[in-house]
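Below is one structure; the comments refer to it alone.
For reference, positions follow the sequence shown, starting with 1.
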Amino acid sequence: MEFEEWQGYVQKVASYHIPIPPDFIKDYDDWHCRSIVGRMLFLMKDIEGAMRVLSTVRDIEINMDQYPEVGLSDAEHKCMCLRDLGEIIWMLTQKQEAALYYYDNAYAICKEYKHPMHSAKRGAIWARRLDIKYASGNMAEALDECMVKMEEQNKNDEINQYLFYGNKFLAERFGEKGDYARAVAYMQEAYKYFPLSDAGKRDIAEAAAESDSQVSFEKYMHCTTLQYLPWEQFNTPTMEEVREKQYASYLKRKADEAVGIKTNMKIEIPQESPEN
């Protein structure tokens, strides 16, 4: 990718209404910057630009044990890049095999990564694979995988992404057939496993109270567009805290680079007794 082309993408993302500190996106040599720019271009519906940038992240090797105090891990960065590449391929070609190549790799990271993910939704990535299989005509395979995965889960979990997205997947299939009563029943089951704020509980109660099953289903589906609380909430920092710590890490990394120190090198400093 030519530098001028990269600069154009950076400028486009920097001028978007969602503010991103320039230092997080301007360095082409930092694949994390390319990850952010590529995913933002996809969000902005610049499909060609997103494809160009995200493709440079596709083959990056990552450390699955790496987990930062705040912000996205390398695993989460790559997972979401692969997810977006899969979605782009599906949008452009409607070819299951090509799209699932990326989605399956994203899902493999979800399964292997043992630390919390703050932005990537493991259950949503798994279920999107089912959507693609179903839309490609492999309906039995998609339904079988859905049922098997749900059977593997602990029904006593208070929060479970796979039970939520599995029930949602089944609800959508009945909704497509016009069987809204069964669709609503599956959505009611799904929301037993979803992290809900007070606003979420209010919205779900409103959907459940609706006497018309089609309207009830539509209200439930609207609720699925809202993430009321984080799925994996482990002392989740505020966005401002994330930005401050990411910027501090960036400044430290640049300072280390300026004096030729590799940031991943462990240096043991001998302990000396203080002079009196």
Are any of the side-chain nitrogens in [X] or [Y] under 4.0 Å away from the carboxylate oxygens of its partner?
X	Y	answer
E87	R83	no
R173	D131	yes
E232	R122	yes

[atom1] of [X]: more than 12 outside heavy atoms within 6.0 angstrom?
X	atom1	value
E176	CD	yes
E152	CD	yes
Y16	OH	yes
K95	NZ	no

Exercise. Could you walk me through whether Y220 and H222 pass the ring pair (Phe, Tyr, Trp, His ring centres under 6.0 Å) check?
Worked result: CA-CA 5 Å; Y220 271 115; H222 173 70; over 10 Å; no
Using every non-hydrogen atom in the two residues, find where [X] and [Y] come nearest and quote the distance to one decimal.
X	Y	answer
A124	Q161	N-OE1, 4.4 Å
G38	A50	O-CB, 3.5 Å
Y113	A75	CD1-CB, 3.5 Å
K114	K111	NZ-O, 3.7 Å
I125	A106	CG2-CB, 4.2 Å
Q188	A208	NE2-CB, 4.3 Å

Is the side chain of [X] donor-acceptor paired with the backbone N or O of [Y] at a distance under 3.5 Å, no angle test?
X	Y	answer
Q96	S136	no
E76	S119	yes
Q153	L163	no
Q227	L229	yes
D157	N160	no
K78	R58	yes
D212	V215	yes
R34	T56	yes
W6	K26	yes

To the nearest 0.5 angstrom, please state how far the [atom1] atom of [X] sits from the [atom2] atom of [Y].
X	Y	atom1	atom2	result
T224	E172	OG1	CD	7.0 Å
C33	Y28	SG	OH	11.5 Å
D27	I36	CG	CD1	11.0 Å
R202	E206	CZ	CD	7.5 Å
M187	I204	CE	CD1	7.0 Å
L92	E48	CG	CD	10.0 Å

State, yes or no, whether a side-chain contact exists between [X] and [Y] at a heavy-atom distance under 4.5 Å.
X	Y	value
I109	N105	no
V37	I20	no
C110	C79	yes
K155	K192	no

Problem set entry | Residue among R52, K12, R39 satisfying salt bridge (Lys or Arg N to Asp or Glu O under 4.0 Å) with D46 |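 That would be K12.
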For this session: Determine whether V148 and Y107 fall in the same hydrophobic cluster, where Ile, Leu, Val, Met, Phe, Trp and Tyr are linked whenever their side-chain heavy atoms lie under 4.5 Å apart.
Result: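 They do not share one cluster, since no chain of ILVMFWY contacts under 4.5 Å joins V148 to Y107.
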Side-chain donor-acceptor contact under 3.5 Å, [X] with [Y]:
X	Y	value
S216	Y180	no
D65	H115	no
E5	Y9	yes

Problem set entry | Candidate pair K133 and E145, rule salt bridge (Lys or Arg N to Asp or Glu O under 4.0 Å), full reasoning | CA-CA 10 Å; K133 290 181 180 182; E145 181 179 340; 2.7 Å; yes
If the test is side-chain contact (heavy atoms from CB on, under 4.5 Å), which one of [options] qualifies with [X]?
X	options	answer
L170	M150, R182, E189	M150
Y102	D84, I88, L54, I89	I89
F42	M80, M51, M91	M91

Exercise. Step by step, would you call R128 with W90 a side chain to side chain contact (heavy atoms under 4.5 Å, CB included)?
Worked result: CA-CA 11 Å; R128 184 58 180 149; W90 176 246; 3.5 Å; yes
For this session: Anything under 30° is parallel, anything over 60° is perpendicular, the rest tilted; go ahead and classify Y134 against F169.
Result: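 Ring orientation of Y134 relative to F169: perpendicular.
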Exercise. In terms of ring plane angle, is the pair W31 and H77 parallel, tilted or perpendicular, where the classes change at 30° and 60°?
Worked result: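 Perpendicular, since the angle between the ring planes exceeds 60°.
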For this session: Carefully, step by step, assess Y191 and C223 under the rule side chain to side chain contact (heavy atoms under 4.5 Å, CB included).
Result: CA-CA 10 Å; Y191 270 103; C223 291; 3.4 Å; yes
Exercise. Just one of F174, F217, F164 clears the ring-ring contact (aromatic ring centres under 6.0 Å, His included) bar with Y186, so which one?
Worked result: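 Testing Y186 for a ring-ring contact (aromatic ring centres under 6.0 Å, His included) against F174, F217, F164 leaves exactly one candidate, F174.
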For this session: Mind running side chain to side chain contact (heavy atoms under 4.5 Å, CB included) on I18 and L43 for me, showing each step along the way?
Result: CA-CA 11 Å; I18 299 176; L43 179 65; 3.8 Å; yes
Problem set entry | Verdict with supporting geometry, N167 and Y193, side-chain hydrogen bond (donor to acceptor under 3.5 Å, both in side chains) | CA-CA 10 Å; N167 279 291; Y193 306 101; over 6 Å; no
For this session: Go through the steps for Y165 and W126 under the test ring pair (Phe, Tyr, Trp, His ring centres under 6.0 Å), then give the verdict.
Result: CA-CA 8 Å; Y165 283 104; W126 165 71; 8.0 Å; no
